[in-house]
Each structure stands twice: as structure tokens, then as C-alpha cells.
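Quick notes on the structure that follows.
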Amino acid sequence: MPDLEVLPPEVNISFYAGDGVSYKLVFKTNEDPQVPIPIPGTIEAQIRVDRGLTTPILVSFSTDMSEADPEGIVYISLTGEQTQDLVEHVSTKKGKFKGVWDVEWTAPGSEPRTVIQGDVECLADVTR
């Protein structure tokens, strides 16, 4: 009997501390040709040290939903100050922060759905 999997795809991200980062998320169908999927509602993205239930949020991404409905494009970003805060966290070892992140979409009147998840790595910068 086949398994039924409803897990979001894994996308690991790495960046340099002190640098601002921005990601463009494009939601499209799997059909050919691909068609944009409108993304009404809200998008939240966060970084934590691990997936534990009591693990605090270390940083939350800013979101830009201006092209989300009907184009299916969402931008998420972190400031340089936020990325620097990650390598100053007590869990950082030898200038490298390791954690987890995900992106959650909540359509109006619906339950949240995690659309991307993965590992995060932030390296301490050399030039300060």
C-alpha cells in the first residue's frame, strides 16, 4: 500500500551574518505549462534553533505579499541585524549558527499550511 505524504518540500538556506537576505517564492501548478497559484491570506516564516514545542522564535522574516494574488509571488526577507543576531545566539559554535526554518501560508478561512521547511546555516562574517 502506498504512503500518503503531506510534508512540505525541504529547502535548506545558508547566508552570511550581517548581510540582509531576500528570497522570492513563486507558487505554480505542476501542470505543463505551469500556471501561477494565487496566494491570498498571510505568509509567516520563522527561524528557530530546533523544532521543539517550547523553542522560542529567534527571528521572523518580513513578508511582501504585493504580488501574491493573483501572481503567486511572495518575497520574504531578513535584515542584516537579524542575520547578525543569529550568530550571536548562545547555540552558535565556531562562528556558525545552525537551526531550522519554515514558511506557513494561511488562506482566508483555512487552516495554516506549511509550504517549505528546512535547515538554516548562518556564518559569521569576517569584515565587521
Side-chain angles (χ1 to χ4, degrees):
M1 174 179 267
D3 293 334
L4 180 60
E5 186 174 300
V6 190
L7 296 174
E10 184 173 324
V11 177
N12 300 323
I13 56 175
S14 299
F15 43 84
Y16 217 47
D19 293 356
V21 295
S22 182
Y23 299 99
K24 179 181 180 180
L25 308 177
V26 181
F27 296 85
K28 293 184 178 183
T29 62
N30 288 329
E31 58 198 40
D32 187 20
Q34 292 182 327
V35 177
I37 299 171
I39 303 294
T42 59
I43 290 277
E44 291 183 277
Q46 300 171 344
I47 295 175
R48 299 174 191 248
V49 173
D50 59 43
R51 297 176 189 278
L53 292 176
T54 60
T55 302
I57 300 166
L58 297 183
V59 295
S60 291
F61 288 78
S62 296
T63 59
D64 176 351
M65 303 279 294
S66 61
E67 299 177 52
D69 190 6
E71 291 88 8
I73 298 171
V74 176
Y75 298 90
I76 61 172
S77 60
L78 297 172
T79 66
E81 184 177 331
Q82 288 174 303
T83 62
Q84 185 64 41
D85 287 347
L86 291 174
V87 295
E88 293 174 3
H89 189 266
V90 297
S91 67
T92 297
K93 293 183 175 51
K94 296 184 180 181
K96 185 186 291 187
F97 168 83
K98 290 185 175 187
V100 293
W101 81 299
D102 67 16
V103 177
E104 197 172 81
W105 168 43
T106 306
S110 297
E111 293 290 323
R113 178 160 185 186
T114 304
V115 294
I116 301 171
Q117 57 85 28
D119 295 330
V120 173
E121 182 176 82
C122 183
L123 302 175
D125 58 340
V126 176
T127 303
R128 296 184 183 94

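Side-chain atoms are counted along with the backbone in the values below, which use heavy atoms only and exclude waters and symmetry mates.
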Joint hydrophobic cluster, [X] plus [Y], side-chain heavy atoms closer than 4.5 Å:
X      : Y      : answer
Ile13  : Ile43  : yes
Trp105 : Phe27  : yes
Tyr75  : Trp101 : no

Could you state the interatomic distance from [atom1] ([X]) to [atom2] ([Y]), rounded to the nearest 0.5 Å?
X      : Y      : atom1 : atom2 : answer
Glu111 : Thr106 : CD    : OG1   : 8.5 Å
Leu86  : Leu78  : CG    : CG    : 7.0 Å
Lys24  : Ser77  : NZ    : OG    : 14.5 Å
Tyr23  : Thr63  : OH    : OG1   : 15.5 Å
Thr55  : Arg48  : OG1   : CZ    : 7.0 Å

Side chain [X], main chain [Y], donor-acceptor under 3.5 Å:
X     : Y      : value
Thr92 : Gly95  : no
Asn12 : Asp119 : yes
Gln82 : Ser60  : yes

From the list Val103, Asp64, Val21, side chain to side chain contact (heavy atoms under 4.5 Å, CB included) with Ile76 holds only for Val103
So with a 6.0 Å cut-off around CD of Glu88, is the heavy-atom count from everything else above 12?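 For Glu88, atom CD is crowded (more than 12 foreign heavy atoms under 6.0 Å).
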Any chance CD of Glu44 has more than 12 other-residue heavy atoms, nucleotides or ligands included, within less than 6.0 Å? no
Ring-plane angle category for Phe97 and His89, please: parallel below 30°, perpendicular beyond 60°, tilted otherwise.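 Perpendicular.
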